[in-house]
*Asks:* 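Got a structure here, written out as structure tokens. Questions coming.
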Amino acid sequence: METFLETERLALRQFGPDDVDLLVQLHNDPDVMRFLGPCVETAELVRTERLPYFRRLYDQGYGYWAAVEKATGTFLGWFLFRPPKVDPEPAVLELGYRLHTAAWGRGFATEGAIALVDRGFTEMGARRVVADTMAVNAGSRRVLEKAGLRHVRTVHPHYDEPLDGAEHGDVEYALTREEWSASRAPGPAPCTARPR
């Protein structure tokens with residue numbers, strides 16, 4: 001399948017028919033879904049709904065990208081980078097990720113997120129990147145902050161079957177092109193004066 005982006009340790013590529021079982025396993029892992037809610041993902045659902053949706057996004061230059069560790073070829077999970085499904089705005093892209101627990105705490109989510117944010121601003125015409133997670137999802141919040149996004153607001157949506165921690169709300173994060181550019185601007189030149 002076509003590779004969309006490579007980092008030092010990751011290859012982000014398109015999903016295809018051979019990846020059905022990988023997605024089923026990832027989406028049915030209760031630890032992975034802890035902050036997303038229970039999921040009953042079937043191979044049929046992946047084949048008939050998920051993969052066709054992914055293909056439509058690929059045709060538009062966006063997508064859900066399979067994250068593979070380059071050194072081992074291990075499937076780690078996925079990253080999404082697409083216009084938001086809810087209230088889409090021109091030149092706004094949504095960042096997301098879902099990784100197997102074996103990949104947690106190893107910097108993969110941060111590495112992929114930073115690379116996608118950079119790609120969004122340098123090659124995809126983004127003027128703003130957004131993301132959201134549960135307020136109690138400290139790990140995901142750290143990834144977003146390391147990728148340069150900042151907390152914009154906390155919202156308290158109504159859920160018919162709320163997850164543990166939902167009472168603390170969901171947090172929205174964002175990064176504008178101007179903020180991204182400023183964070184990459186070179187700092188002041190180091191002092192080269194000799195000590196007296």
Side-chain angles (χ1 to χ4, degrees), residues 9-10 12 15 19-51 53-54 57 62-69 74-89 92-117 120 128-175 179:
R9 299 181 298 160
L10 297 173
L12 303 187
F15 279 102
D19 298 316
V20 169
D21 291 341
L22 297 175
L23 284 166
V24 169
Q25 181 185 17
L26 179 69
H27 293 174
N28 285 300
D29 183 330
D31 292 327
V32 170
M33 302 301 291
R34 157 70 182 89
F35 297 106
L36 299 164
C39 180
V40 180
E41 188 92 315
T42 65
E44 180 66 15
L45 181 67
V46 171
R47 274 193 294 273
T48 61
E49 293 186 28
R50 302 273 187 255
L51 291 180
Y53 173 61
F54 292 177
L57 286 174
Y62 309 114
Y64 284 73
W65 310 103
V68 177
E69 185 177 14
T74 302
F75 172 72
L76 302 175
W78 54 250
F79 288 83
L80 75 83
F81 208 49
R82 63 164 192 220
K85 282 181 125 177
V86 179
D87 300 325
E89 302 173 46
V92 174
L93 294 176
E94 179 184 6
L95 170 68
Y97 35 82
R98 190 173 300 173
L99 302 180
H100 279 292
T101 56
W104 294 1
R106 299 172 59 194
F108 289 122
T110 299
E111 186 173 325
I114 289 171
L116 284 169
V117 167
R128 191 165 177 253
V129 173
V130 298
D132 63 79
T133 188
M134 287 182 70
V136 294
N137 189 348
S140 188
R141 295 183 73 168
R142 277 194 300 275
V143 169
L144 295 174
E145 289 162 4
K146 287 178 182 178
L149 282 74
R150 61 180 176 76
H151 177 252
V152 175
R153 66 180 181 148
T154 301
V155 296
H156 294 272
H158 169 75
Y159 295 106
D160 291 333
E161 298 180 26
L163 301 174
D164 288 343
E167 66 275 13
H168 299 287
D170 292 346
V171 287
E172 296 179 4
Y173 279 76
L175 178 66
E179 292 165 337

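Since this is a predicted model, take the numbers as computed values, not measurements.
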*Asks:* Counting distance only, does the side-chain N/O of Asn28 pair as donor-acceptor with the main-chain N or O of Glu41 below 3.5 Å?
*Replies:* yes

*Asks:* Quick one: pull up CZ in Phe81 and OH in Tyr64 and give me the separation to the nearest 0.5 Å.
*Replies:* 13.0 Å

*Asks:* Check whether any side-chain heavy atom of Leu93 sits under 4.5 Å from a side-chain heavy atom of Pro83, and report yes or no.
*Replies:*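 Heavy-atom side-chain distance check passes, below 4.5 Å.
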
*Asks:* Testing the basics here: between Gly63 and Leu57, what is the closest heavy-atom pair and its distance to 0.1 Å?
*Replies:*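 Of all heavy-atom pairs spanning Gly63 and Leu57, the closest is CA-CB, 3.9 Å.
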
*Asks:* Look up atom NE2 in His168 and atom OG1 in Thr154, then write down how far apart they are to the nearest 0.5 Å.
*Replies:*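 Atom-to-atom, His168:NE2 and Thr154:OG1 are 11.5 Å apart.
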
*Asks:* Can a salt bridge be assigned to the pair Glu44 and Arg47 using a cut-off of 4.0 Å between side-chain N and carboxylate O?
*Replies:* yes

*Asks:* Side chains of Leu99 and Val32, heavy atoms from C-beta outward: is any pair under 4.5 Å?
*Replies:*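 They are not in side-chain contact.
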
*Asks:* Which heavy atom of Asp170 sits nearest to which heavy atom of Pro157, and what is that distance?
*Replies:* OD2-CG, 3.5 Å

*Asks:* Rounded to the nearest 0.5 Å, what separates atom NZ in Lys146 from atom OG1 in Thr110?
*Replies:*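 OG1 of Thr110 is found 4.5 Å from NZ of Lys146.
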
*Asks:* Starting at NE2 of His27, measure out to CG of Asp29 and round the result to the nearest 0.5 Å.
*Replies:*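 Separation between the atoms: 10.5 Å.
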
*Asks:* Are Arg106 and Glu69 side-chain neighbours, meaning at least one heavy-atom pair lies under 4.5 Å?
*Replies:*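 When only atoms from C-beta onward are counted, Glu69 and Arg106 do touch, with a gap below 4.5 Å.
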
*Asks:* Donor-acceptor pair, distance only, cut-off 3.5 Å: does the side chain of Tyr97 make one with the backbone of Ser140?
*Replies:* yes

*Asks:* Are the side chains of His100 and Phe108 in contact, using a 4.5 Å heavy-atom criterion?
*Replies:*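 Phe108 vs His100: side chains apart.
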
*Asks:* Compare all side-chain heavy atoms of Arg141 with those of Thr133 and state whether any distance is below 4.5 angstrom.
*Replies:*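 Counting from C-beta outward, Arg141 and Thr133 do come under 4.5 Å.
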
*Asks:* With the side chain counted from C-beta on, respond yes when Leu51 and Leu23 share a heavy-atom pair under 4.5 Å apart, and no when they do not.
*Replies:*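 Yes, at least one pair of side-chain atoms sits under 4.5 Å.
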
*Asks:* Nearest heavy-atom pair of Ala131 and Leu144: which atoms, and what distance?
*Replies:* CB-CD2, 3.5 Å

*Asks:* Would you mind reporting whether Trp78 and Leu12 have side-chain heavy atoms less than 4.5 Å apart?
*Replies:*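 Sidechains of Trp78 and Leu12: no contact.
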
*Asks:* Hey, what do you get for CZ (Arg82) to CZ (Phe54), rounding to the nearest 0.5 Å?
*Replies:* 9.0 Å

*Asks:* Would you say the side chain of Asp31 lies within less than 4.5 Å of the side chain of Arg34, judging by non-hydrogen atoms?
*Replies:*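 Not touching, per the 4.5 Å side-chain cut-off.
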
*Asks:* Between Leu76 and Val68, what is the shortest heavy-atom contact and its length?
*Replies:* CD1-C, 4.4 Å

*Asks:* On a heavy-atom basis, which atom in Val171 and which in His151 lie closest, and how many Å separate them?
*Replies:* CG1-NE2, 3.6 Å

*Asks:* Roughly how far, to the nearest 0.5 Å, is CD of Glu172 from CG of Leu149?
*Replies:*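 The CD atom of Glu172 is 11.5 Å from CG of Leu149, to the nearest 0.5 Å.
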
*Asks:* If every non-hydrogen atom of Leu175 is compared with every non-hydrogen atom of Ala147, which pair is closest and at what distance?
*Replies:* CD2-O, 4.1 Å

